**Q** 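Before anything else, here's the structure in question.
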Amino acid sequence: MTQFYIQTWGCQMNEYDSDRIRDLLKAQLWQETSEISAADIVVLVTCAVRKKAEDKVYNKLFSWKHQKILKEKAVICLGGCVASEDGQKALAKAPMVSVVFGPQTIHRLVSMIKEVQETGKRLVDVSFPAIEKFDFLPSPAGRQGSSAFVTIMEGCSNFCTYCIVPYTRGQEMSRSPEAVIEEIKILVSQGIREINLLGQNVNSYCGVYAGGQICNFAELLYLTAEIPGVERIRFTTSNPHDLSDEIITAFRDLPSIANSLHLPVQSGSDRILKLMGRKYDRERYFEVVSKLRAARPNISLSSDFIVGFPGETEQDFRDTMDLIDRVRFDQSFSFIYSPRPGTPAAAMEDNVPLAEKKERLYELQSRINFFAQTYSREMLDTVQKVLIDGISVRSAQELRGRTDNNRTVNFPGDPELIGSFRNVKITYVMAHTLRGELVRD
Ligand code: SAH
Ligand code: SF4
Ligand code: F3S
């Protein structure tokens with residue numbers, strides 16, 4: 001029996017791709033293993049967004065090699081954004097790798113593996129063959145849990161000056177609304193209740209119906225909400241520049257859209273936003289936030305931040321902190337700027353000292369954590385709609401679920417409730433999780 005092992009880094013789009021790769025390999029009657037030493041096929045789905053992420057995968061490969069963990073004849077397949085970035089070069093960097101495939105060629109992986117097994121050749125295919133990958137993937141089978149990702153578009157054409165994604169994932173391309181809806185229906189028929197629509201910039205989704213008409217993202221939200229069984233909708237990532245009034249109206253009209261939105265701002269300084277090529281300024285960001293809060297007064301907003309972008313002054317950073325205080329973000333992500341080869345920002349002078357970058361990151365994260373904890377504390381004694389997604393990691397006697405604003409809650413309950421929505425009263429608030437009890441409906 002051929003066994004395969006998959007490890008995934010990076011964003012949710014990679015997680016989605018990895019699930020589709022599982023479907024493909026299982027369709028060959030190959031079996032997944034969590035023991036790398038037992039694997040005949042090793043698939044690594046990688047991220048190149050920051051240098052650290054990229055280094056991780058090569059370090060991992062060499063440490064496996066060094067510890068002699070890999071099977072002698074294992075076929076090592078490097079996929080995801082590092083593979084796409086390095087292409088042929090990956091073969092030289094990592095002599096143990098024999099297949100290099102990209103985010104848009106996952107549907108060709110099986111035939112590449114077979115060719116390697118037969119001929120012993122090393123193969124590279126990191127091309128961007130339009131959006132055909134979706135046409136060649138088996139339909140999503142046997143999804144576990146209560147929530148699923150659905151990629152609605154590939155690539156990105158925004159070319160923010162710091163970002164490698166447009167180079168690793170190619171130009172933005174939307175799937176047809178029919179294909180997206182069909183996939184959601186299949187997921188719902190398997191018991192999935194929450195759908196997370198994915199793309200690097202979902203707000204600019206532009207699908208084409210078989211009849212030739214265009215479907216924009218707001219329309220796709222209404223179509224998704226109409227599918228019986230879809231009880232909660234999330235989507236990521238939104239670009240503030242493209243968050244239209246129609247999408248904001250959908251928040252008002254459609255109760256199944258979760259009460260939280262990830263809206264990466266990156267910086268609060270107009271000067272830096274311009275250098276980043278983000279296409280909006282702080283005023284536009286405040287405008288979008290106030291419209292969203294008018295449509296959904298309690299909406300929870302999270303964000304991504306980059307500190308230490310080339311040329312970022314103390315004043316620029318103060319502008320970011322001021323924006324944070326005005327918006328009062330919930331749990332967010334923040335990173336020290338990492339120059340990516342081939343991007344325009346990599347040619348700018350990276351003149352902020354590392355110590356300064358670290359201080360700024362620390363200050364920013366402390367501020368965000370302060371707000372996130374304030375929001376958590378405000379949840380004490382409230383009743384939350386929770387999607388129960390499994391058994392608690394801490395105690396087998398307890399269930400684990402997610403609130404609308406993306407917090408994990410643990411509470412005693414019958415495992416039969418897994419996969420359903422229930423009202424849970426929050427009884428205890430900890431730094432990263434909440435505890436609660438089921439409310440009798
Ligand atoms: N499409 C999404 C982001 C995808 S990348 C958007 O536009 O918001 C996820 C996050 O990684 C980004 O939001 C950004 O904060 C961070 N990031 C991207 N490139 C980076 C770089 N070169 N250095 C540091 N952080 C980076
Ligand atoms: Fe990168 Fe900008 Fe595209 Fe996001 S929108 S993936 S940050 S280029
Ligand atoms: Fe990383 Fe590629 Fe996603 S670079 S963030 S895995 S699109």
Side-chain angles (χ1 to χ4, degrees), residues 7-18 44-57 78-86 102-104 106 126 128 149 151-173 197-205 235-243 261-268 272-273 275-280 285 288 301-310 312 320 329 332-348 350 352 354 357 360-361 364-365 368:
Q7 187 163 346
T8 310
W9 290 268
C11 64
Q12 296 162 333
M13 303 196 67
N14 267 8
E15 286 181 42
Y16 174 87
D17 282 353
S18 290
L44 305 174
V45 182
T46 63
C47 174
V49 80
R50 285 168 293 276
K51 182 165 188 301
K52 250 194 202 155
E54 179 177 314
D55 290 346
K56 256 185 215 158
V57 57
L78 185 73
C81 290
V82 174
S84 182
E85 182 194 3
D86 284 348
Q104 314 302 349
I106 61 179
V126 292
F128 299 136
F149 297 126
T151 292
I152 63 169
M153 59 207 293
E154 272 295 335
C156 183
S157 302
N158 278 344
F159 291 95
C160 302
T161 58
Y162 51 82
C163 185
I164 200 165
V165 172
Y167 309 93
T168 61
R169 289 205 168 241
Q171 293 285 301
E172 182 177 295
M173 264 175 299
L197 303 172
L198 298 182
Q200 289 302 348
N201 183 10
V202 289
N203 299 153
S204 66
Y205 173 82
F235 51 88
T236 194
T237 310
S238 283
N239 189 311
H241 174 259
D242 304 302
L243 193 80
L261 180 67
H262 186 59
L263 193 62
V265 65
Q266 314 299 356
S267 168
I272 296 294
L273 286 171
L275 287 173
M276 287 178 163
R278 288 290 287 182
K279 304 194 199 122
Y280 55 84
Y285 196 83
V288 170
L301 294 173
S302 59
S303 202
D304 290 350
F305 302 89
I306 296 176
V307 302
F309 188 80
E312 186 188 71
T320 301
F329 289 101
S332 297
F333 301 97
S334 45
F335 315 95
I336 287 180
Y337 166 71
S338 166
R340 304 314 295 128
T343 60
M348 301 177 192
D350 187 3
V352 186
L354 183 62
K357 291 178 183 168
R360 288 179 191 171
L361 185 71
L364 189 152
Q365 289 182 337
I368 296 279

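The shown structure was predicted, so the numbers you read here are calculated from the model rather than taken from an experiment. Whatever order the structure lists ligands and atoms in, that order sets their numbers, starting from 1.
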**Q** Which option, S338, C11, A48, owns the non-hydrogen atom nearest atom 23 (N) of ligand 1?
**A** S338
**Q** Side chain, backbone, both or neither: which part of I336 comes within less than 4.0 Å of ligand 1 when only heavy atoms are counted?
**A** backbone
**Q** What protein heavy atom sits nearest atom 3 (Fe) of ligand 3, and how far off is it?
**A** C11 SG, 2.3 Å
**Q** State whether the side chain of T237 and the backbone N or O of N201 hold a donor-acceptor pair below 3.5 Å, judged by distance alone.
**A** no
**Q** Could you tell me how the ring of F305 sits relative to the ring of F329: parallel (under 30°), tilted (30 to 60°) or perpendicular (over 60°)?
**A** perpendicular
**Q** Within less than 4.0 angstrom of ligand 3, does M13 place any heavy atom?
**A** no
**Q** Is the closest heavy atom of N201 to ligand 1 under 4.0 Å?
**A** no
**Q** If I apply the N/O under 3.5 Å rule, does S238 come out as touching ligand 1?
**A** no
**Q** Would H241 and N203 count as having a side-chain donor-acceptor pair, cut-off 3.5 Å?
**A** no
**Q** Looking at ligand 3, does Q200 have a heavy atom less than 4.0 Å from it?
**A** yes
**Q** Taking the inter-plane angle between the rings of Y162 and F309 on a 0 to 90° scale, is it parallel (under 30°), tilted (30 to 60°) or perpendicular (over 60°)?
**A** perpendicular
**Q** Among all protein non-hydrogen atoms, which one is nearest to atom 19 (N) of ligand 1, and what is the separation to 0.1 Å?
**A** Y162 CD1, 3.3 Å
**Q** Could you tell me whether any N, O or S atom belonging to C47 is less than 2.8 Å from atom 1 (Fe) of ligand 3?
**A** yes
**Q** Taking 2.8 Å as the cut-off, does C156 contribute an N, O or S atom near atom 3 (Fe) of ligand 2, distance below it?
**A** yes
**Q** Pairing donors with acceptors under 3.5 angstrom, does anything connect the side chains of Q171 and S157?
**A** yes
**Q** Which residue owns the protein heavy atom closest to atom 7 (O) of ligand 1, what's the atom, and how far is it?
**A** R278 NH1, 3.1 Å
**Q** Keeping S303 on the side-chain end and L263 on the backbone end, is there a donor-acceptor pair under 3.5 Å?
**A** yes
**Q** I'd like to know if G80 contacts ligand 3, where contact means a heavy-atom distance under 4.0 Å to any ligand atom.
**A** no
**Q** What protein heavy atom is closest to atom 3 (C) of ligand 1, reported as residue, atom name and distance in Å?
**A** Q200 OE1, 3.9 Å
**Q** Counting heavy atoms only, which part of T237 comes closer than 4.0 Å to ligand 1: side chain, backbone, both or neither?
**A** side chain
**Q** Look at ligand 1 and say whether V49 reaches it with a heavy atom at a distance under 4.0 Å.
**A** yes
**Q** So is R278 touching ligand 2 or not, going by heavy atoms under 4.0 Å?
**A** yes
**Q** Would you mind checking which non-hydrogen protein atom is closest to atom 16 (C) of ligand 1, with the distance to 0.1 Å?
**A** R50 NH1, 3.3 Å
**Q** When you measure from atom 9 (C) of ligand 1 to every protein heavy atom, which one gives the shortest distance, and what is it?
**A** D304 OD2, 3.8 Å
